[in-house]
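Below, chain A is the first sequence line, B the second, and so on; all start at residue 1.
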Amino acid sequence: MPNTRFYVTTPIYYVNDRPHTGHAYTSVLADVMAGYHRLLGIDTWFLTGTDEHGQKVQDSAAERDVAPQALCDEMAAHFGDLLERLRVRNDDFVRTTEPRHTAVVTQVLAELHARGDVYLDHYEGWYCARCERYWTDRDVEEQGGGRCPDQPELHGVERLAEENYYFRMSKYADRLREAIETDVFRVHPEKRKNEVLGFLKKGLTDLCISRNRERLSWGVPLPFDDKYVCYVWVDALFNYKSAIGYLAADDAEHERHARWWPADVHVIGKDILTTHAVYWPTLLMAMGEALPRMVLAHGWLLDSRGGKLSKTKREGDDAEGVLPVPTIDGLLDVFGADGTRWFLATAMKPGDDTAFDWTIVRERVNTDLANGLGNTANRLLKMAAGACDGVFPGLGEDDDVGETQERVRAAAVAAVDAVRAFPETLDVTAVVAAVRSGVAAISLFLQDEKPWKLVKTDDGLPRARIVIAWSLESLRLLALAVHPILPESFATLRTALGMTGDLDFARESQFGALPEGARLGAPPNLFPRIGADAIPSA
RNA sequence: GCCGGCGUGGCUCAGUUGGUUAGAGCGGCGGAUUCAUAACCCGCAGGUCGUUGGUUCAAGUCCAACCGCCGGCACCA
């Protein structure tokens, strides 16, 4: 079934923390997915935003003696800035403190309550206010008592006995298991799917969805009991629907929701798998809503020693002999938006963790972009300027097509074919691999034909022009294939390669689409080589 | 403890349903070349494919056990 539209989301980022490379990774991954769909002419909606309620936000605001909303405004702006600097093209940016969102959460809660899927129950146990959750007696005892099992050094727990509202999540366990097993609701990669199924096999409990307002006021009040606010995750998850007009009274909004829901892909980090693969779908079932088609749980970027980039450790920390971890600001400063995006987009196959440091990023950017794409563009356009007066000479007669020449064409076609397959595969790696082979094919072709020598004789000149033309055409398709990853460089390169007017993939992806006589641009230096001295520290 | 995954040349990894001399990229070394961003091109790395046993005419490629690492879950303290 061909996709007629594509709705992709990132998690909404929690404003308690400043944006770091992990956020950038998720955002770029989703952006690249959105970009490939747009390139193919598929209507695309890409949503991201910020998660602004909850205990940590309330506490941080209190510590800094500012209003929670002020803190949210400040932090949301940081995330917005990051997206801009990364050239991420999200279609919307939702904030959970916006009325359009809180109104939806309120309605959802009322509806769940009215349907009998929310009930009041008594609970007594150890509560960690910072983590906003209860722990079992055993968990707490394991820590020696009194401390939070998750962050014993930082958080204390308190004994609480209170009434709370619960969502009848257990009721939907069987349906959820079936949806996952049959891939009606895909959990990707397979490893994560198995984890969720294993989790479900042990039986689901109900989910506590209320927090006592005396402790936590920064949240959406329960419409049926204002002594409580909504558990932050239940609040947060509904952003995926509130932002596209869910439950809106307005007709146009209503239609917008019908158009985009269900989401095609929720891109998430593996740390929030349970919320997205269990809480979210069961909540949707309770509301009688369709499930998203896929949750894609990616891995983490790790520091050079294999440690996780954590919020408490702060990236960039070079203590204890760990190589400095590049900060997102640092990456952008040194490699620019495109270089940073290239690294992030090719850093790992979604699913696995990947260690990285400055050297790894530098090598990848230099090899693929400076030595590869950039150098090829530069040398070809320089040749074209000399041998063809800066005008595309046309592909010439087809009767003299040698092996390397045909390979150049085939490699470029393979790259745009990988792009066409993207909606099915969602495989950025495959596109990148095809582009790398394409660049290599051009290099071999040039080496084989040596147009710089042919050009020196009148007899050789026509052949040189054909070699240059085929290479340029190939490069043009390769550029098209990486457009969603390298938006800035693509624009420059496309113009330099002679294409004008609005981008039209169907036309431009044809080998030979560039008309003879098209005006070529000056040789660009798209990706300057990054020297070792350009990276911070030693 | 249970479930799942992984362990291939310095690094990162490919290796179809088991079958000729186990591959690629990066780094390193040597060569060629100069159209290009010290780039590109060519050649080199002799790795017992974690260990030990099996199945088979034939096993990184299947089975078992073990070792190590990683996820998830559980339990004890």
Just N and O in the side chain of A:Lys382: are any of them under 4.0 Å from OP1 or OP2 of B:rU37?
yes
Of all the choices, B:rG71, B:rG4, B:rU37, which nucleotide is nearest to the side chain of A:Arg192 once you look at every atom?
B:rG71
Counting side-chain heavy atoms from CB outward, which of B:rC42, B:rC26, B:rC35 is closest to A:Glu363?
B:rC26
With a 3.5 angstrom cut-off on both distances, give the Watson-Crick or G-U wobble partner of B:rG71, or none if there isn't one.
B:rC3
Crowded around A:Asp121 CG? As in, over 12 foreign heavy atoms under 6.0 Å?
yes
Counterpart base for B:rC44, defined by Watson-Crick or G-U wobble contacts under 3.5 Å
B:rG28
On the nucleotide B:rC40, are OP1 or OP2 found under 4.0 Å from the side-chain N or O atoms that A:Asn371 carries?
yes
Does B:rA74 have its OP1 or OP2 closer than 4.0 Å to a side-chain nitrogen or oxygen of A:Lys202?
yes
Which nucleotide, in any strand shown, forms a Watson-Crick or G-U wobble pair with B:rU33, with both distances under 3.5 Å?
none
Which base sits across from B:rU21 as a Watson-Crick or G-U pair, both distances under 3.5 Å?
none
Among all residues two or more places apart in sequence or in another chain, which pass the salt bridge (charged side-chain N to carboxylate O under 4.0 Å, His left out) test with A:Asp427?
none
I want to verify a distance call: between B:rC35, B:rG72, B:rU37, whose nearest atom is closest to the A:Glu195 side chain?
B:rG72
Considering Watson-Crick and G-U wobble pairs with both distances under 3.5 Å, what does B:rC66 pair with?
B:rG50
